[in-house]
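As structure tokens, the structure follows; a few thoughts come after it.
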Amino acid sequence: MTVRTRFAPSPTGFLHIGGARTALFSWAYARKHAGQFILRIEDTDVARSTPEAVQAILDGMNWLGLNWDEGPFYQMQRMDRYKEMIQKLLDEGKAYHCYASREELDAMREQQMAQGIKPRYDGRWRPEPGKQLPPVPAGIPPVMRFRNPLTGNVSWDDLVKGHITVSNEELDDLIIARADGTPTYNFCVVVDDWEMGITQVIRGDDHVNNTPRQINMLEALGANIPQYAHLSMILGDDGQKLSKRHGAVSVMQYHEDGYLPEAVLNYLARLGWSHGNEEIFTMDQFCQWFDLDHITPSAAQFNTEKLNWLNANYIKQADMAELVADITKRLAAIGVAVTTQPALPDVLGLYRERASTLNALASSIIYFYQKPVVDAEAKQKHLTAEILPVMHALTQQLAASDWTIDAIHGAIEYAVTSNALKFPKVAMPLRVMLTGGTQSPSIDAVMVLLGKTETLARIQPFLAELQ
RNA sequence: GUCCCCAUCGUCUAGAGGCCUAGGACACCUCCCUUUCACGGAGGCGACCGGGGUUCGAAUCCCCGUGGGGACGCCA
């Protein structure tokens with residue numbers, strides 16, 4: 001049987017990091033087994049679903065490169081099919097109408113909680129042989145409930161968590177269609193997973209509790225039971241649960257923040273899954289290695305520092321043409337136009353090993369295309385009156401040099417030795433004048449990139465000012 | 001409250017009864033490289049939640065406890 005997995009988000013918000021990992025694992029499982037990966041949009045909550053959210057999910061998937069083989073299927077477009085199946089269950093006596101009002105049900109739950117028992121529907125409208133049902137209230141549209149078995153257990157071998165058993169006594173007759181006739185989540189999932197031939201349901205472990213209900217419905221429908229793999233959740237950097245209010249961000253935010261999709265993917269893959277000591281790997285390798293056996297059943301805390309480390313690695317390896325295009329865009333976004341000189345690939349060649357995000361990389365090279373803002377403290381510390389004569393002499397020599405890295409280095413070296421100074425004593429003032437700060441790659445390499453004219457132009461005002 | 005799940009360095013994890021003096025990675029510290037900062041290299045610090053079993057032997061299996069999480073919607 002060919003493997004068919006699915007990712008089934010509800011379009012009520014952006015694709016966040018937890019959803020992205022679920023999608024990644026489902027995708028990788030299908031790829032590993034040469035199967036199909038299906039995208040299904042669970043939009044039956046009309047009030048909360050939005051087209052913008054659908055687009056945001058698609059954008060996130062595309063950015064990560066998680067390509068799907070079928071879909072996206074929209075549940076709202078499959079209503080007729082669900083309704084047929086509901087009718088089938090009704091005809092077979094496996095579902096029934098319930099006329100209990102919301103107020104009535106709320107009161108029931110409250111009472112059960114007060115008694116210290118698990119709140120569950122008490123079956124007041126469930127038909128039984130010889131049972132007298134309440135009189136049907138007039139003008140009240142009923143909901144449809146699934147007739148869950150009263151006794152016995154439901155169990156399955158979860159591919160991540162192992163054997164799980166739940167007693168049917170813990171379950172109740174869930175609503176499968178609302179009063180307006182639209183089917184609810186648990187029912188749609190069951191019909192879709194069945195009809196789409198899903199073989200492995202890989203999803204978040206907040207669905208563990210839904211699984212026994214779904215298995216019961218699948219059985220009532222006469223459907224095959226897929227295998228289930230429940231992934232633990234991802235906690236925020238601070239160990240707290242991720243929520244809209246707290247820490248949950250769109251995967252596209254990582255794009256904006258300067259992360260490469262490869263890095264995010266690699267990080268996510270390694271969060272809760274492992275392949276021995278492998279830390280950095282391509283998606284091809286991941287798809288070959290991926291298996292459900294090596295997924296940790298416990299929750300994992302997100303660690304931005306490790307993501308940064310991975311991202312730095314991917315920035316170092318990135319294709320130069322792509323890097324140039326990306327950095328150009330990021331600089332443009334902050335109002336910096338990249339000119340032909342110095343050539344961006346040359347600059348990036350020197351700076352790419354120093355940054356852990358693309359944004360950091362972009363801002364680290366601004367001073368090649370704009371006059372730097374000089375750090376006052378650095379200026380005061382390094383641009384002293386005593387260094388002035390040395391700088392003057394050095395500038396003259398630089399002006400006459402042929403502007404190769406050796407020539408520049410030689411000129412600085414001469415200034416150092418002829419004045420009996422330490423190298424930084426000369427290099428630091430240059431760094432401050434040319435870059436505005438005290439941290440940069442080798443100053444001679446920076447000067448080569450900056451060019452003779454620009455270098456001298458940046459030094460000149462300081463010499464004048466110091467005089 | 002009830003049910004379900006989870007538990008190895010600060011974090012992500014390796015670990016399928018002896019290979020464990022518990023390995024790797026991030027972070028942190030030290031040193032090296034060096035022209036500052038990074039990068040890189042070499043070291044270091046650092047964990048099996050507690051208690052009972054089972055076993056010749058337990059991080060690993062079982063039970064209890066503790067702690068954490070999830071679920072209990074006409075949401076998904």
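Note that the structure is predicted; figures quoted are calculated from it, not measured. Per chain, numbering begins at 1; letters A, B, ... match sequence-line order.
- Here the two rings, on Phe290(A) and Phe25(A), have centers that are under 6.0 Å apart.
- Counting non-hydrogen atoms of other residues, nucleotides and ligands closer than 6.0 Å to NZ of Lys452(A) gives a total above 12.
- Not a single salt bridge (Lys or Arg N to Asp or Glu O under 4.0 Å) links Asp43(A) to another residue, sequence neighbours left out.
- Across G65(B) and C28(B), the matching P atoms stand 42 Å from one another, rounded to whole Å.
- A14(B) and C48(B) have their C1' atoms separated by 12 Å, given to the nearest Å.
- Residues satisfying the salt bridge (Lys or Arg N to Asp or Glu O under 4.0 Å) test with Arg145(A), not counting sequence neighbours, are none.
- Rounded to whole angstrom, the span from the CZ atom of Phe281(A) across to the P atom of A25(B) amounts to 15 Å.
- Under the Watson-Crick and G-U wobble criteria, each requiring two contacts below 3.5 Å, nucleotide G50(B) is paired to C64(B).
- Listed by first and then second residue, the side chain to side chain donor-acceptor pair (under 3.5 Å) pairs that reach into residues 154-167 of chain A are Trp156(A)-Asp158(A), Asp157(A)-His163(A), Asp158(A)-His230(A), Lys161(A)-Asp205(A), His163(A)-Thr165(A), sequence neighbours excluded.
- As rounded to whole Å, 15 Å separates atom C1' of U36(B) from atom CE of Met447(A).
- Using a 4.0 Å heavy-atom distance criterion, Ser440(A) is classed as a base contact.
- Evaluation of the ring-ring contact (aromatic ring centres under 6.0 Å, His included) rule for Trp125(A) yields Tyr99(A) as partners, not counting sequence neighbours.
- For the C1' atoms, the distance from C74(B) to C62(B) is 44 Å, rounded to whole Å.
- Atom-to-atom, CG of Asn168(A) to C1' of C4(B) comes out at 14 Å; the value is rounded to the nearest Å.
- Rounded to a whole Å, the CD atom of Gln301(A) is 15 Å from the C1' atom of C6(B).
- Heavy-atom distances to RNA chain B give each of Glu279(A) and Pro297(A) a nearest nucleotide, and the one nearer the 5′ end belongs to Pro297(A).
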Would you tabulate the nitrogen or oxygen pairs shorter than 3.5 Å linking the protein to nucleotides 14-20 of chain B?
from   : atom 1 : to        : atom 2 : distance (Å)
A14(B) : OP1    : Ser274(A) : OG     : 2.8

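- Residue-level contact check: Gly204(A) touches neither bases nor backbone, having no heavy atom under 4.0 Å from any strand.
- When Watson-Crick and G-U wobble pairs are counted only if both distances are under 3.5 Å, C75(B) pairs with no nucleotide at all.
- Listed by chain and residue number, nothing satisfies the ring-ring contact (aromatic ring centres under 6.0 Å, His included) test with Phe7(A) (two or more places apart in sequence, or in another chain).
- Using C1' as the reference atom, G67(B) and C75(B) are 30 Å apart when rounded to the nearest Å.
- Annotation: G51(B) and C39(B) have their C1' atoms spaced 49 Å apart (nearest Å).
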One character per nucleotide, please: for nucleotides 67-76 of chain B, 5' to 3', B when the base has a protein heavy atom closer than 4.0 Å, S when only the sugar-phosphate does, - otherwise.
--SBSBSBBB
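- When the salt bridge (Lys or Arg N to Asp or Glu O under 4.0 Å) test is applied to Asp173(A), the partners found at least two apart in sequence or on another chain are Arg126(A).
- Taking atom C1' in both G52(B) and C19(B), one finds a spacing of 28 Å when rounded to whole Å.
- Between the base of U36(B) and the side chain of His382(A) there is no donor-acceptor pair shorter than 3.5 Å.
- If you check every strand for non-hydrogen atoms under 4.0 Å, Glu170(A) touches sugar and phosphate atoms only.
- For Glu377(A), the CD atom is loosely surrounded, since the number of other residues' heavy atoms within 6.0 Å does not exceed 12.
- For the pair Arg203(A) CZ and C4(B) P, the computed distance is 18 Å after rounding to whole Å.
- Atom CG in Asn313(A) sits about 17 Å away from atom P in A38(B), given to the nearest Å.
- Residues passing the salt bridge (Lys or Arg N to Asp or Glu O under 4.0 Å) test with Arg458(A), sequence neighbours excluded: Glu454(A).
- Heavy atoms of Leu271(A) sit under 4.0 angstrom from primed sugar atoms or phosphate atoms, though from no base atom.
- Heavy atoms from other residues, nucleotides or ligands lying under 6.0 Å from NZ of Lys381(A) number 12 at most.
- In this structure, Ile280(A) atom CD1 and U13(B) atom C1' are separated by 15 Å, rounded to whole Å.
- Nucleotides G17(B) and A59(B) have their C1' atoms positioned 10 Å apart, rounded to a whole Å.
- Pairs of residues two or more places apart, or lying in two chains, that qualify as ring-ring contact (aromatic ring centres under 6.0 Å, His included) and include a residue from residues 403-448 of chain A are His409(A)-Phe423(A).
- Aromatic ring centroids of Trp273(A) and His294(A) lie 6.0 Å or more apart.
- With P as the reference atom, A47(B) and U54(B) are 29 Å apart, rounded to whole Å.
- For the pair Gln439(A) CD and C39(B) C1', the computed distance is 13 Å after rounding to whole Å.
- Side-chain nitrogen and oxygen atoms of Lys316(A) include at least one within less than 4.0 Å of the OP1 or OP2 phosphate oxygen of G40(B).
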Polar atom pairs (N or O), protein with nucleotides 27-29 of chain B, under 3.5 Å:
none

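- Across all strands shown, A38(B) forms no Watson-Crick or G-U wobble pair with both key distances under 3.5 Å.
- Residues passing the ring-ring contact (aromatic ring centres under 6.0 Å, His included) test with Tyr267(A), sequence neighbours excluded: Phe302(A).
- Here G10(B) sits opposite C26(B) as a Watson-Crick or G-U wobble pair (both hydrogen-bonding atom distances under 3.5 Å).
- With hydrogens and angles left out, the side chain of Glu353(A) and the base of G40(B) share no donor-acceptor pair within 3.5 Å.
- With a 3.5 Å ceiling on both atom-pair distances, the Watson-Crick or G-U wobble partner of G18(B) is C56(B).
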